[in-house]
**Student:** 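To start, I am sharing the structure in question, which I have written as structure tokens.
Residue numbers begin at 1 in each chain, while the letters A, B, ... track the order of the sequences. Just so we're clear, the structure is a prediction, and the values are computed from it rather than from any experiment.
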Amino acid sequence: MEICSVFGSGFHHTLTSPSPSAAASSSSAVPLSSTTIRAINNFDFTATVTSTTIAPLKLDETHKGPTKSSPNLRTVFRKTKQSAIFYIQESSDLESALSRSGGILRVQDLNVILRHFGKLNRWKELSQLFDWMQQNEKTNIASYSSYIKFVGKSLSPLKALDIYSSIRDEATRTNVSVCNSILSCMVRSGKFESSLKMFHQMKRDGLKPDIVTYSTLLVGCVKVKDGYSKALELVKELKYNGLSMDSVIYGTLLSVCASNNQCAEAERYFEEMKSEGHSPNVFHYSSLLNAYAVHGNYKKAENLIQDMRSAGLELNKVILTTLLKVYVRSDLFEKSRVLLNELENLGYAADEMPYCILMDGLVKSGQTLEAKSVFDDMMKKKVRTDGYSYSIMISAFCHVGLLQEAKQLISDYEANYQKYDVVILNSMLCAYCRAGEMDNVMKMMKKMDELAISPDWNTFHILIKYFCSEKLYILAYRTMEDMHKKGHQVEEELCCTLMFHLGKTGAYGEAFSVYNMLRYSKRTMNKSLHEKLLHILVRGRLLKEAYVIVKDNGGLISPSAIKKFATSFMQSGNINLVNDVIKTIHSFGFKINQELFHSAVSRYLEETQKKDLLLQLLQWMPGQGYFVDSSTRNLILKNAHLFGRQTIAELLSKQHIVSKTVKKPQQAQVVKKKREFR
DNA sequence: ATAGGGTTAG
């Protein structure tokens with residue numbers, strides 16, 4: 001039978017086109033997709049349907065619809081719909097296929113096609129179909145939840161979010177499937193914080209979360225710091241809502257425990273799960289095993305393997321690879337080698353992963369050359385590599401200063417593989433930086449750029465360190481700025497070094513900017529850093545910036561540094577801030593000495609339009625137990641005509657009273673409470 | 001009638 005003739009000429013093109021997604025004619029060697037086979041099997045070629053009624057179909061034929069009195073017609077109708085679905089799925093021109101045959105299909109039929117496109121990663125057609133469905137008002141909740149899922153999976157979680165946000169109907173927007181779908185997209189694209197925020201908003205809008213919602217969100221806890229406590233909150237909430245833990249939730253939770261260093265808790269959940277009648281599967285076991293790997297608890301791991309044997313579970317590749325990780329983390333390298341051998345015999349060591357685990361462990365325990373011999377062994381066996389093993393060894397050689405060896409591996413890699421990613425490029429970059437080969441450093445950066453590989457934290461860190469070592473401080477600064485803008489946390493030690501050198505070379509503003517980046521990134525920073533920067537800023541006469549440091553961290557700065565700052569500020573700081581500075585350092589418990597008052601007064605006398613500020617200062621002083629000494633007093637009196645003699649006389653006499661009443665022992669007490677200038 | 005899961009390496 002010639003299939004083409006049954007489906008009409010519209011289909012012929014698809015069947016004979018070389019497109020890999022095209023179905024095949026019976027004589028072609030191209031295999032049929034399972035959907036195609038199903039459609040053909042379900043199609044009754046002997047029915048009273050002729051080729052012309054199948055595709056394209058006329059809308060008016062559908063209005064008659066199937067009737068109870070006519071089972072034959074119903075069958076015909078069902079088959080017609082099936083062939084229309086098939087026709088649309090396999091059409092090379094979706095747009096025209098839809099306009100010709102989409103009309104007879106119900107929403108659920110269109111959803112079938114939507115999922116078909118999604119499963120086969122046919123993203124363009126997926127979107128085209130969904131657009132058509134929207135325009136023809138043929139969408140329901142299932143369309144949205146499927147479409148959002150696939151769009152998120154394809155390329156752009158942001159697009160999925162757009163689609164979700166564009167849903168006008170509140171009932172659809174808070175439907176649990178639709179919510180679960182978009183939350184899953186967000187979680188899988190690493191936007192866990194946003195997904196939690198969305199989740200809360202959804203609940204306020206009327207979402208009734210179910211067990212799927214909670215398991216979706218729990219996945220986000222696996223790769224996030226503080227994930228364990230967030231997971232606990234979610235578990236508490238689901239229980240509060242009357243839902244109960246199922247096997248899936250337990251699996252995710254175990255994985256959260258393993259990745260968050262909660263070995264004891266992982267054990268507890270494992271037991272709890274069993275006591276609730278869920279028998280653990282290979283995933284539950286591997287998560288627990290992974291938790292044991294963190295602390296190298298190989299005894300417990302071996303017991304667990306025994307349990308698996310008793311339960312009749314297969315010790316698969318992942319389980320044995322994870323066991324290898326346990327041995328490596330326990331520094332049991334002999335046991336590790338034996339197990340790796342076993343993996344090889346079982347055919348579980350066809351890719352580089354187990355070798356990488358062993359090499360990484362050896363490198364971390366300082367056995368670089370042993371790691372290299374594992375590497376050589378692996379190469380001899382022609383194990384497939386994606387670059388992981390190379391990057392482990394290149395980085396290891398860099399770390400111990402074996403730069404020739406590192407560079408040799410880079411050449412080997414570049415000669416044999418053309419695949420680059422951020423990690424392999426980082427290790428190459430690191431080698432060239434350590435070797436001080438600027439040309440090659442630039443070459444690597446260019447390559448990164450060309451391949452549109454975005455630098456990560458490590459890349460920036462390597463480059464900044466390198467630029468610092470080459471005394472290219474401004475370049476290092478620009479790179480750090482870039483790093484900060486890209487949202488990476490800057491590292492304190494490196495910031496400290498860079499700040500110091502920027503200060504030394506007169507780039508004071510840049511030093512201040514580095515300090516601010518660090519402050520922005522880190523909640524707690526080394527207490528001595530504020531003072532170090534203060535010295536730099538005072539030296540650079542950036543007194544306004546210096547004042548910011550003092551105001552925010554006065555309590556952490558030594559009296560001598562405060563004195564140095566205040567002295568400079570009185571001399572050349574913004575005159576409008578002089579009183580503020582005095583009050584601020586006083587509020588931190590520093591006693592203002594006479595020299596500072598003297599220079600403040602001198603400043604004011606130089607700029608007579610600021611006389612109000614002088615009067616304010618003189619007024620403030622006695623309340624805090626301060627008074628001017630005789631030389632300052634004489635200076636003021638000499639210029640008293642500028643301020644109004646009467647006012648000056650009154651202010652000074654108030655101070656005089658203070659100076660008399662504050663007797664020696666009392667004064668000593670006041671002073672004692674204050675921090676002394678050294 | 002749509003939505004969820006967990007394992008290994010740089």
Side-chain angles (χ1 to χ4, degrees), chain A residues 107-108 111-112 114-115 118 139-150 152 172 175-185 187-188 207 209-223 238 245-259 266 269-270 273 280-291 293 315-326 328-329 343 348-349 351-361 363-364 371 375 378 385-396 413 421-428 430 456 458:
Chain A
V107 177
Q108 49 266 54
N111 287 345
V112 169
L114 197 71
R115 291 195 296 274
T139 57
N140 62 14
I141 281 170
S143 327
Y144 276 99
S145 65
S146 295
Y147 186 57
I148 288 170
K149 172 175 108 173
F150 287 122
T172 307
N175 171 275
V176 68
S177 296
V178 174
C179 290
N180 289 346
S181 192
I182 185 64
L183 287 174
S184 169
C185 290
V187 166
R188 265 183 292 144
L207 163 70
D210 65 4
I211 195 73
V212 176
T213 320
Y214 287 105
S215 97
T216 303
L217 292 171
L218 272 178
V219 176
C221 300
V222 175
K223 276 171 186 139
L238 80 88
M245 308 275 288
D246 64 7
S247 177
V248 174
I249 290 271
Y250 272 116
T252 316
L253 201 50
L254 283 171
S255 152
V256 173
C257 291
S259 62
Y269 285 119
F270 194 76
M273 177 182 80
N281 62 25
V282 70
F283 293 104
H284 297 112
Y285 275 105
S286 80
S287 287
L288 187 54
L289 209 51
N290 206 23
L315 301 181
N316 66 12
K317 182 170 140 182
V318 176
I319 290 287
L320 291 177
T321 309
T322 312
L323 182 62
L324 178 68
K325 191 173 144 187
V326 177
V328 166
R329 293 288 174 90
L343 282 162
Y348 291 166
D351 68 49
E352 62 187 332
M353 199 191 297
Y355 300 93
C356 287
I357 291 173
L358 180 54
M359 277 158 45
D360 186 54
V363 165
K364 281 182 179 145
F375 179 88
M378 181 190 136
T385 165
D386 278 329
Y388 281 79
S389 44
Y390 277 93
S391 71
I392 291 171
M393 284 318 303
I394 293 168
S395 303
Y413 185 80
D421 65 11
V422 69
V423 180
I424 192 81
L425 280 169
N426 281 347
S427 61
M428 294 175 175
C430 184
D456 66 1
N458 221 350

**Student:** Where the side chain of A:Ser287 is concerned, which of B:dT2, B:dG6, B:dA3 is the nearest nucleotide?
**Tutor:** B:dG6

**Student:** Return the OG to OH distance between A:Ser255 and A:Tyr269, rounded to the nearest 0.5 Å.
**Tutor:** 13.0 Å

**Student:** Would a distance-only check, ignoring hydrogens and angles, find a side-chain to backbone donor-acceptor pair under 3.5 Å from A:Asn290 to A:Ala293?
**Tutor:** no

**Student:** Give one of base, sugar-phosphate or nothing for A:Asn426, where a contact means two heavy atoms less than 4.0 Å apart.
**Tutor:** nothing

**Student:** Which is true for A:Asn281 with a 4.0 Å heavy-atom rule: it touches a base, it touches only sugar-phosphate, or it touches nothing?
**Tutor:** base

**Student:** If you measure from CG on A:Leu324 to CE on A:Met353, what distance do you get to the nearest 0.5 Å?
**Tutor:** 11.0 Å

**Student:** Would you check if there is a donor-acceptor pair between the side chains of A:Thr213 and A:Asp210 at a distance under 3.5 Å?
**Tutor:** yes

**Student:** Given B:dG6, B:dT2, B:dA9, which nucleotide is nearest the side-chain atoms of A:Lys325?
**Tutor:** B:dA9

**Student:** Looking at every strand, decide which applies to A:Ile211 at a 4.0 Å heavy-atom threshold: base, sugar-phosphate, or nothing.
**Tutor:** base

**Student:** Distance criterion of 3.5 Å, no angle test: do you see the side chain of A:Asp246 paired donor-to-acceptor with the base of B:dG4?
**Tutor:** yes

**Student:** Would you mind reading off the distance between A:Asn180 atom CG and B:dG5 atom P, rounded to a whole angstrom?
**Tutor:** 10 Å

**Student:** Whole angstrom is fine here: how far is it from CG in A:Leu253 over to C1' in B:dG4?
**Tutor:** 14 Å

**Student:** Compare the minimum distances between each of B:dG4, B:dA3, B:dA9 and the side chain of A:Ser181, then state the nucleotide with the smallest one.
**Tutor:** B:dA3

**Student:** What distance separates A:Ile394 CD1 from A:Asn426 CG, expressed to the nearest 0.5 Å?
**Tutor:** 11.0 Å

**Student:** Could you tell me the separation between the CG atom of A:Leu218 and the C1' atom of B:dG5, rounded to a whole number of Å?
**Tutor:** 10 Å

**Student:** Side-chain N or O of A:Asn140 less than 4.0 angstrom from OP1 or OP2 on B:dT2?
**Tutor:** no

**Student:** Heavy atoms under 4.0 Å, any strand shown: does A:Ser427 hit a base, just sugar-phosphate, or nothing?
**Tutor:** nothing

**Student:** Kindly point out which of B:dG6, B:dA3, B:dA9 is positioned nearest to the side chain of A:Ile357?
**Tutor:** B:dA9

**Student:** Once you round it to whole Å, what is the distance between P of B:dG6 and OH of A:Tyr285?
**Tutor:** 20 Å

**Student:** Round to the nearest Å and state the distance from A:Ile141 atom CD1 to B:dA1 atom P.
**Tutor:** 10 Å

**Student:** Counting side-chain heavy atoms from CB outward, which of B:dA9, B:dG10, B:dT2 is closest to A:Arg115?
**Tutor:** B:dT2

**Student:** Can you tell which of B:dG10, B:dG6, B:dA3 lies closest to the side chain of A:Val219?
**Tutor:** B:dG6

**Student:** Side chain of A:Asn111 only, heavy atoms from C-beta on: which candidate in B:dA1, B:dG10, B:dG4 is closest?
**Tutor:** B:dA1

**Student:** The side chain of A:Val248 lies closest to which of these nucleotides: B:dT8, B:dT2, B:dG4?
**Tutor:** B:dG4

**Student:** Which of these nucleotides, B:dA1, B:dT8, B:dG10, is closest to any side-chain atom of A:Gln108?
**Tutor:** B:dA1

**Student:** Could you state the CG-P distance from A:Leu114 to B:dA1, rounded to the nearest angstrom?
**Tutor:** 12 Å

**Student:** NA contact type, A:Lys317, heavy-atom cut-off 4.0 Å: base, sugar-phosphate, or nothing?
**Tutor:** nothing

**Student:** Does A:Ser389 place a side-chain N or O at less than 4.0 Å from the phosphate oxygens OP1/OP2 of B:dG10?
**Tutor:** no

**Student:** Which part of the nucleic acid, if any, lies within contact of A:Ser255, taking any heavy atom under 4.0 Å across all strands shown: a base, the sugar-phosphate backbone alone, or nothing?
**Tutor:** sugar-phosphate

**Student:** Separation of A:Asp351 atom CG from B:dT7 atom P, in whole Å?
**Tutor:** 17 Å

**Student:** Whole angstrom is fine here: how far is it from CG in A:Leu207 over to C1' in B:dG4?
**Tutor:** 14 Å

**Student:** Do the two ring centres, one from A:Tyr250 and one from A:Phe270, sit under 6.0 Å apart?
**Tutor:** no

**Student:** Ignoring hydrogens and angles, does a donor from either the side chain of A:Thr252 or the base of B:dG6 sit under 3.5 Å from an acceptor on the other?
**Tutor:** no

**Student:** Go through B:dT8, B:dG10, B:dA3 for me and flag the one nearest to the A:Asp360 side chain.
**Tutor:** B:dG10

**Student:** Hey, are the side chains of A:Lys317 and A:Asp351 touching, using non-hydrogen atoms and a 4.5 Å cut-off?
**Tutor:** yes

**Student:** Regarding B:dG4, can its base be found pairing with the side chain of A:Ser215 as donor and acceptor, where the two atoms are less than 3.5 Å apart?
**Tutor:** yes

